[in-house]
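Okay, structure first, notes after.
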Amino acid sequence: MNKELSKTYTPQAFEDKWYSYWLEQKFFHADSGSEKEPYTIVIPPPNVTGVLHMGHMLNNTIQDILVRRARMQGKNACWVPGTDHASIATEAKVVQMLRERGIKKSDLSRDEFLSYAWEWKEKYGGIILDQLKKLGASCDWDRTRFTLEPSLSEAVIDVFIDLHKKGLIYRGLRMVNWDPQGKTAVSDEEVIHKEVNSKLYYIKYFLADDTGQFITIATTRPETILADVAICVNPNDERFKHLVGKKALVPFIKREIPVIADEYVDMEFGTGCLKVTPAHDVNDYALGQKYKLPVIDILTEEGFLNEHAEDTRYIGKDRFAVRKQIAIDLEEAGHILKVEEYKNQIGTSERTGAVIEPRLSLQWWVDMKKFMERNPQVLDAVMNDEIQFHPAKMKNTYRHWIENIKDWCISRQLWWGQRIPAWYDNEGNLVAVAKTARQAIEIANGQGLKAKGQKPEDLHQDEDVLDTWFSSWLWPISVFDGFKDKDNADIKYFYPTQDLVTAPEILFFWVARMIMAGYEFRGEKPFSNVYYTGIVRDKQRRKMSKSLGNSPDPLDLIEKFGADGVRMGMLICSPAGNDILFDESMVEQGRNFANKIWNAYRLINGWEVKPDSAFNDDILKANAISIDWFKGRFNAILIETEDKFKDYRLSEALMSIYKLIWDDYCAWYLEMIKPVYGEPIDESTYKQTVIFFEELMKVLHPFMPFITEEIWQNMAERKQGESICIEKYPEIKLVSDLPTPDLSRVFESIQQIRNLRNAKGLSPKESFEIFIKANSENLYKPYMFLIQKLANVSAITFVKEKVEHAILLPVDIDEIYVVLNLQMDAGAEKEKITKEIEYLDGFLKSVDAKLGNEKFMANAKPELVEKERQKQADALQKILALKGSLGSL
RNA sequence: GGAGGCAUAGCUCAGCUGGUUCAGAGCAUCUGCCUUACAAGCAGAGGGUCCGCGGUUCGAACCCGUGUGCCUCCA
């Protein structure tokens with residue numbers, strides 16, 4: 001004790017030190033053998049390519065708060081960290097690395113490429129986990145997992161085989177969202193729709209009968225005319241009835257295409273004539289199927305035109321270049337009727353940003369309809385709150401998605417990921433789905449299907465890998481090896497987990513699918529609560545992004561304001577589900593709070609302590625009152641925060657604690673017991689004050705782990721292996737067990753007197769005398785010392801009548817009179833009082849009206865009526881006092 | 001085009017099953033203070049037709065309808 005402490009809070013001096021200590025002591029490690037109640041969170045695994053951004057900061061701070069609190073409440077807290085292999089993102093990074101080294105991916109074999117990828121992963125992957133340590137994240141690092149590590153990959157493969165066996169996975173030729181940059185299919189959820197300004201071209205198609213008649217179609221994608229196989233009109237459209245059944249010619253290539261009729265065509269849109277391009281549009285594909293039209297795919301996987309485009313001017317060129325060129329060429333050839341500005345929606349790839357191309361291809365799918373039929377709990381559990389969403393309004397979004405669920409495309413044309421365990425013969429026929437070629441043959445033979453005497457070496461495995469989310473959806477189970485060994489001790493103990501904290505935008509990608517996996521593979525929900533964080537935006541509500549450069553580097557912020565300051569600042573204003581508009585001033589507030597705490601500690605630390613016997617009884621008694629009062633406050637806030645935590649209102653819980661520390665403890669309590677400068681403090685008060693401080697640090701620890709540990713460690717001699725992070729969280733006491741002095745009138749008096757000083761420009765150093773006319777003197781008498789000390793009052797006299805020539809300070813229904821040796825501005829004073837009387841008159845009128853209203857008296861609860869009567873009486877008394885004071889001016 | 005959400009002080013948000021003359025917090029703002037823990041501070045103050053309109057009710061920020069504006073998700 002009594003160490004020299006720096007005048008300001010300097011987090012850099014101790015944050016790293018305590019984090020290393022926590023790790024050394026293995027406070028964050030949890031074993032399944034424990035008798036304690038488990039509390040489990042699995043981290044939303046960040047991309048292995050990721051670097052810490054503000055979204056992670058918010059998300060992981062919230063998880064850390066929940067975990068640390070649970071740990072202090074005596075639970076066996078386990079927060080499992082890890083990373084996601086992020087197939088598209090990582091593969092892109094590796095390709096880029098190879099390019100820098102002058103290596104082309106196409107020159108490498110699959111195995112060569114993968115060895116480079118692993119090399120990249122070992123070297124650069126997972127930086128983000130180290131960054132989380134800076135934030136104070138109390139993860140069980142011994143349990144760090146990676147979605148592509150061998151055992152998790154094995155789980156993925158087993159699940160694929162299992163679902164295939166159950167008939168829930170199939171392979172089919174379908175229209176997919178094709179990412180020409182990533183050269184892979186992506187799922188619907190990975191497509192981001194954007195509105196863009198484009199042009200609507202009106203193009204003439206001449207009829208094949210050489211009559212010079214033409215049909216005009218409108219399209220935003222003129223390059224796709226080369227893939228046209230029909231023109232479609234609405235059968236009810238009188239304008240075009242005569243054309244149906246005739247043939248038209250595709251400009252330039254002069255392919256003959258039929259004019260057909262289908263109600264799908266919107267007569268209002270464009271010209272009412274639709275060009276049908278089954279290979280490059282989802283709806284056109286459906287039309288093509290219906291009328292058995294050919295499919296002409298004119299694009300390569302990179303989005304270049306191929307030989308099917310027929311016109312050599314365009315073959316081998318990029319789709320966007322062709323769009324420009326063909327528009328010019330059509331114009332020159334007289335095929336363009338007009339061009340309009342047009343706003344439309346285009347799909348872009350979430351990962352690469354490339355414009356998505358609808359493309360027909362053979363992919364693997366999960367049959368979601370069937371899946372949901374098997375697992376109705378996936379929807380029910382959320383709707384009946386067995387799995388609670390915070391905020392609950394996310395339930396609607398969830399239901400809507402589930403009810404309109406579509407099949408999940410799970411194959412990706414990449415190398416970095418789990419390779420699909422499907423085997424084909426030399427003609428490309430699927431032999432079987434199995435772990436190995438040998439097993440595939442065994443299965444095939446067993447079914448008597450492809451029993452052509454093939455050998456394993458005759459088969460080849462599917463070239464594609466699985467969607468990354470196909471491994472993430474197993475995360476809550478796979479991190480505890482629940483697939484390898486269904487009944488191992490860890491999974492039995494830690495699963496289902498308690499809370500999941502995640503961003504709302506991955507509700508469908510991840511949360512919903514984890515719930516599906518939970519019920520399908522374990523017959524149990526994966527977690528009980530889902531906390532949706534908001535999105536971190538800048539002050540102009542723009543999403544923080546690298547390209548905008550509007551995102552501060554979290555590590556710089558931590559360096560500047562301390563991890564605690566950043567955590568506190570981010571959380572104080574971010575209710576669940578609300579976006580947070582980040583501004584550095586938020587973090588400043590956090591830092592200021594830490595500084596406040598630091599200085600409160602310095603104050604206490606500097607006190608000289610003497611035994612109680614050295615003090616007179618009055619001081620001891622007075623301090624005892626202050627102590628009792630704070631005990632009551634502390635307990636009340638503890639109850640309040642408990643409730644808020646139950647509802648996952650973390651920012652409100654923090655706000656309560658913030659005010660408890662700043663207002664109740666620092667501004668009131670410490671000022672109440674603070675000895676005169678240079679004087680000592682009595683031992684029992686000191687001890688109690690330190691205990692309060694310790695308890696406050698515990699309550700705050702989940703939010704601000706570092707400063708609370710630093711102070712807690714300083715407060716007493718602590719042994720190795722002790723830490724606030726494993727201390728017992730303060731428990732709520734029965735309110736009836738606590739003596740709670742009612743200081744409300746006293747506090748109000750003090751504030752009124754301070755206010756008077758401010759208004760009259762009196763220095764706080766100048767003391768004066770006051771007179772109190774109270775309805776119940778007991779609310780003041782025992783606490784007079786507080787008024788004297790905190791409002792610098794020299795003497796207090798209780799009176800029965802009003803005091804002449806004095807200023808009246810109303811305190812609830814009591815009156816305080818102050819006689820000042822100042823020239824009083826009687827006019828101003830009168831005006832003020834008159835206004836007050838006017839207000840009270842109005843108030844009284846409304847209360848009278850209520851009490852005089854028969855229907856109110858008949859319908860309102862008796863307590864309410866009683867309350868109104870009390871208000872009436874109080875108002876009357878106040879008016880009387882004010883009128884009296886007005887008369888004596 | 002479909003679904004959902006939101007609208008309360010300058011900003012970010014509370015306001016539980018309607019009941020303190022139309023209401024709260026933090027931050028920001030303003031005023032006065034360098035009062036020996038803290039100017040990253042202390043003491044005060046000001047600030048709101050609770051989005052518009054209509055309805056239900058003795059009584060509406062809260063319930064119902066309608067209009068407007070914003071956001072999110074899906075196609």
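Throughout, a chain's letter reflects where its sequence line sits, starting with A, and its residues are numbered from 1. The basis for the numbers below is simple: all heavy atoms, side chains too, and nothing from hydrogens, waters or symmetry mates.
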A/Asn599 side-chain proximity, nearest of B/rG26, B/rA37, B/rA39 = B/rA37
Are the side chain of A/Arg757 and the backbone N or O of A/Leu762 linked by a donor-acceptor pair below 3.5 Å?
-> no
Out of B/rC38, B/rU36, B/rG4, which has the shortest distance to the side chain of A/Asn396?
-> B/rG4
Is A/Arg602 touching bases, backbone alone, or none of the nucleic acid, heavy atoms closer than 4.0 Å?
-> sugar-phosphate
Looking only at side-chain N and O atoms, does A/Asn755 come under 4.0 Å of OP1 or OP2 in B/rA45?
-> yes
Within the structure shown, what part of the strands sits under 4.0 Å from A/Asn578 by heavy-atom distance: base, sugar-phosphate, or nothing?
-> sugar-phosphate
Between atom OH in A/Tyr648 and atom C1' in B/rC13, what is the gap in whole Å?
-> 22 Å
Take the protein atom CZ of A/Arg399 and the nucleotide atom C1' of B/rA3, then report the distance between them rounded to whole Å.
-> 10 Å
Look at the side chain of A/Phe508 and decide which nucleotide, out of B/rA37, B/rC74, B/rG26, has an atom nearest to it.
-> B/rC74
Looking at the rings of A/Phe508 and A/Tyr398, which for Trp means the six-membered one, are their centres under 6.0 Å apart?
-> no
Donor-acceptor pair, side chain of A/Asn792 and main chain of A/Pro764, under 3.5 angstrom | yes
Separation of B/rA37 C1' from A/Ile597 CD1 (nearest whole Å) | 13 Å
Under 3.5 Å for both distances, Watson-Crick or G-U wobble, that's the pair rule; now give the dot-bracket for RNA chain B, with | marking pairs to another strand and [ ] for crossing ones.
-> (((((((..((((.....[....)))).(((((.......))))).....(((((..]....)))))))))))).
All N/O contacts under 3.5 Å from nucleotides 27-32 of chain B to the protein, with atom names and distances to one decimal?
{"residue": "B/rC27", "atom": "OP1", "partner": "A/Tyr658", "partner atom": "OH", "Å": "3.1"}

Indicate, yes or no, whether a donor-acceptor pair under 3.5 Å links the base of B/rA37 to the side chain of A/Glu671.
-> yes
Do you know the tightest heavy-atom contact between A/Ala653 and A/Phe645?
-> CB-CE1, 3.9 Å
Rounded off to whole Å, could you give me the CG-to-P distance for the A/Asp647 and B/rA14 pair?
-> 13 Å
A/Leu864 near the nucleic acid: base, sugar-phosphate alone, or nothing, with a heavy-atom cut-off under 4.0 Å?
-> base
For the pair A/Tyr686 and A/Trp607, name the ring-plane relationship: parallel under 30°, tilted 30 to 60°, perpendicular over 60°.
-> perpendicular
Touch check for A/Lys393, heavy atoms < 4.0 angstrom, all strands: base, sugar-phosphate only, or nothing?
-> sugar-phosphate
Which of parallel (below 30°), tilted (30 to 60°) and perpendicular (above 60°) describes A/Phe14 and A/Tyr9?
-> tilted
What about the rings of A/Phe692 and A/Tyr669, do their centers lie closer together than 6.0 Å?
-> yes
Pairwise N/O distances under 3.5 Å, protein to nucleotides 55-63 of chain B:
{"residue": "B/rC58", "atom": "OP1", "partner": "A/Lys855", "partner atom": "NZ", "Å": "3.3"}
{"residue": "B/rC58", "atom": "O2'", "partner": "A/Asn853", "partner atom": "ND2", "Å": "2.9"}

So which nucleotide from B/rA39, B/rU12, B/rG26 ends up closest to the side chain of A/Leu581?
-> B/rU12
If the C1' atom of B/rC70 is compared with that of B/rG52, how far apart are they to the nearest Å?
-> 15 Å
Nucleotide of B/rU35, B/rA37, B/rA40 approaching A/Tyr9 most closely (side-chain heavy atoms) | B/rA40
Contact class for A/Gln751 (heavy atom, under 4.0 Å): base, sugar-phosphate, or nothing?
-> sugar-phosphate
What nucleic acid atoms does A/Lys406 come within less than 4.0 Å of, heavy atoms only: base, sugar-phosphate, or nothing?
-> sugar-phosphate
Of the listed B/rC73, B/rA40, B/rG26, the closest approach to the A/Met655 side chain comes from B/rG26
Using atom CG of A/Leu790 as one end and atom P of B/rC42 as the other, report the distance to the nearest whole Å.
-> 14 Å
A/Phe389 has an atom CZ; how far is it from atom C1' of B/rG4, in whole Å?
-> 14 Å
What's the closest nucleotide to the A/Arg537 side chain, out of B/rA40, B/rU72, B/rU20?
-> B/rU72
So what does A/Asp579 hit on the nucleic acid, given a heavy-atom distance under 4.0 Å: a base, only sugar-phosphate, or nothing?
-> sugar-phosphate
If you check the A/Arg754 side chain, which of B/rA40, B/rC38, B/rA43 turns out closest?
-> B/rA43
Okay, side chain of A/Thr10, backbone of A/Ser6: is any donor-acceptor separation there less than 3.5 Å?
-> no
So CZ of A/Arg591 and CG of A/Asp564: to nearest 0.5 Å the spacing works out to 13.0 Å
Does a side-chain heavy-atom distance below 4.5 Å link A/Phe630 with A/Gln688?
-> no
Side-chain touch A/Val176/A/Val186, heavy atoms, less than 4.5 angstrom = no
A/His400 backbone acceptor or donor facing A/Asn404 side chain under 3.5 Å = yes
Give A/Arg649 one of three labels, base, sugar-phosphate or nothing, depending on what nucleic acid heavy atoms sit under 4.0 Å from its own.
-> sugar-phosphate
Heavy-atom pair of closest approach, residues A/Tyr665 and A/Thr689 | OH-O, 2.9 Å
How far, in whole Å, is B/rA25 from B/rC64 if one measures between their P atoms?
-> 28 Å
Describe the nucleic acid contact of A/Lys845 in one word from base, sugar-phosphate, nothing, applying a heavy-atom distance below 4.0 Å.
-> nothing
A/Trp401 atom CH2 is separated from B/rG2 atom C1', nearest whole Å, by 18 Å
Using a cut-off of strictly less than 4.0 Å, decide whether A/Lys395 has a side-chain nitrogen or oxygen near OP1 or OP2 of B/rG4.
-> no
Flag side-chain contact, heavy atom, 4.5 Å: A/Ile661 against A/Lys596 | no
Nearest-Å distance, NZ (A/Lys7) to C1' (B/rC34)?
-> 9 Å
